[in-house]
Amino acid sequence: MENLNARLAKYFKNNQTKLVNELLPQTLDELEIVYNDNDLNYHFEMLRLLLDRVGESLLQPPEEMSAAEIGYDTENYLYSQGVLLKQTVDVLSVFRLSLIKHMRRSDLIQEAEVEEGFLVTEQVVTAFDAAIRATTDSYNRTKESEHEEMEKHFNTVSSPVVLIDEFQAVLPLVGEFSPERFDVVKDHTLHKVKEHGLRLLFIDFSGIATFDEVFINDLFNLTKTIKLLGTRTVLTGIRTEMAAAAIQSEMNFEELETFSDLKQALITINDSKV
């Protein structure tokens, strides 16, 4: 006679649709969740596939179960619909409990030894836990990746290179700069310098919130790189505390052209060309 794990695995495989049709509405009623047809159908399909993988896991030694193979919302559909992770985890947790109650009432469990019943229940719980962990990891990775993309976009948009004419541009720096944000701005700036063949770039500091040694070092490296591209760099909007911070970090602004404000720099430099 087959052991309980094998019988239950076969039962899950043969009754996926029936189990989900019975237990999913109960789960949603208990959680007081109402889904539209598309979301409901997606949960139905994900739970059906999950039951199939849980059944397969019952045929494996516990130590060989792979969380990566027992995920949920594998296509990030729920995430894209704005469904909170907590709601998805709640659905899995309550569905799991309903499934265990269903198993307890079934002839399969009633005919098994007590110890065997405990062990198989433990494996089902472990399989659902693996699905919850995998789902949580996937949600967090997607969220982090989305945040990084949004931050990268914000950094690029918030520090645009603005063309003055065919060969001159201004880079207005605004807010606070982490090393990561400066890297994005640096890459964007160098791309624009090369794309437009700029001869002169004004870097304006009027909107800078903080000015530390790391930022100063990054700035000097940027100006050196721009110089290697054959572009002249002029710094504007440098306040007294910025100059003091530069001196303390042993970096001398005398190596660079500086003006107190952008307007004065534009007038002085462009008038000298006439």
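For clarity, every value in this text was computed on a predicted model and none was experimentally measured. Reckoned from all heavy atoms, side chains included, excluding hydrogens, waters and symmetry mates.
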Could you check whether any side-chain heavy atom of Phe12 comes within less than 4.5 Å of a side-chain heavy atom of Leu99, counting everything from C-beta outward? yes
Determine the minimum heavy-atom distance between Ala265 and Val234, stating which atoms define it. CB-CG1, 4.4 Å
Output for pair (Leu47 CG, Leu92 CG), nearest 0.5 Å, gives 6.5 Å
Donor-acceptor pair, distance only, cut-off 3.5 Å: does the side chain of Ser145 make one with the backbone of Arg141? no
Please evaluate residues Ile269 and Phe202 with respect to the criterion side-chain contact (heavy atoms from CB on, under 4.5 Å), reporting the C-alpha separation (whole Å), side-chain torsions for both, the decisive distance (0.1 Å), and the verdict. CA-CA 11 Å; Ile269 291 175; Phe202 296 92; 3.6 Å; yes
Contact summary for Ala6 and Leu59, nearest pair of heavy atoms: CA-CD2, 3.8 Å
Does CG belonging to Asn36 count more than 12 external heavy atoms closer than 6.0 Å? yes
What's the separation between atom CD1 in Ile226 and atom CG in Leu171, rounded to the nearest 0.5 Å? 7.5 Å
If you apply the rule side-chain contact (heavy atoms from CB on, under 4.5 Å), what do you find for Leu78 with Gln87, and how did you get there? CA-CA 10 Å; Leu78 298 175; Gln87 187 177 108; over 6 Å; no
Can you name the closest pair of heavy atoms from Ser93 and Ile132 and give their distance? OG-CD1, 3.8 Å
Would you mind reporting whether Val161 and His196 have side-chain heavy atoms less than 4.5 Å apart? no
Classify the angle between the aromatic ring planes of Phe215 and Phe177 as parallel (below 30°), tilted (30 to 60°) or perpendicular (above 60°). tilted
Measuring from atom CD1 of Ile208 to atom CG of Leu173, what distance do you get when rounded to the nearest 0.5 angstrom? 4.5 Å
Ignoring hydrogens, what is the shortest heavy-atom contact between Leu198 and Leu163? Give both atom names and the distance. CD2-CD2, 3.8 Å
Shortest non-hydrogen contact from Gln16 toward Leu51: O-CD1, 4.1 Å
Heavy atoms, side chains only, cut-off 4.5 Å: are Asp261 and Ser206 in contact? no
CD1 of Ile216 to CG of Asn221, rounded to nearest 0.5 Å, is 12.0 Å
Does the side chain of Phe95 come within less than 4.5 Å of Leu50's, by heavy atoms? no
Test item: side-chain donor near acceptor, Asp73 and Tyr42, under 3.5 Å: yes
Using a side-chain heavy atom cutoff under 4.5 Å and only I, L, V, M, F, W and Y, what cluster partners does Ile100 have? Val125
Measure from the side-chain N and O atoms of Asp165 to the backbone N and O of Gln168, and report whether any donor-acceptor pair falls under 3.5 Å. yes
The complete set of salt bridge (Lys or Arg N to Asp or Glu O under 4.0 Å) pairs with one or both residues in residues 89-100, sequence neighbours excluded, reads Lys86-Asp90, Arg96-Asp129
Ring pair (Phe, Tyr, Trp, His ring centres under 6.0 Å) involving Phe259 - partner list, sequence neighbours excluded: none
Test item: Thr88 and Tyr79 side chains (from C-beta on) under 4.5 Å apart, heavy atoms: no
With sequence neighbours excluded, residues passing side-chain hydrogen bond (donor to acceptor under 3.5 Å, both in side chains) with Asp39: Tyr77
Between Phe44 and Leu40, is the side-chain contact (heavy atoms from CB on, under 4.5 Å) condition met? List the steps. CA-CA 6 Å; Phe44 177 90; Leu40 189 62; 5.9 Å; no
Could you name each residue pair satisfying salt bridge (Lys or Arg N to Asp or Glu O under 4.0 Å) that touches residues 191-209, not counting sequence neighbours? Lys192-Glu195
Considering only heavy atoms from C-beta outward, does the side chain of Lys227 approach that of Lys224 to under 4.5 Å? no
List the atom pairs, with distances to 0.1 Å, where a side-chain N or O of residues 20-33 and a protein N or O form a donor-acceptor pair under 3.5 Å, not counting sequence neighbours.
from, atom 1, to, atom 2, distance (Å)
Asn21, ND2, Thr17, O, 3.3
Gln26, NE2, Glu22, O, 3.3
Thr27, OG1, Leu23, O, 2.9

What distance separates Lys10 NZ from Leu58 CG, expressed to the nearest 0.5 Å? 13.5 Å
Test item: Ser138 side-chain N/O and Ala134 main-chain N/O as donor-acceptor pair under 3.5 Å: no
Kindly indicate whether the side chain of Val193, heavy atoms from C-beta on, has any atom under 4.5 Å from the side chain of Thr225. no
Got a second to check how far Tyr139's OH is from Tyr72's OH, nearest 0.5 Å? 15.5 Å
Does Glu56 pair with Arg53 as a salt bridge, N-O distance under 4.0 Å? no
For Asp218 and Pro179 the tightest heavy-atom approach is OD2-CA, 4.4 Å
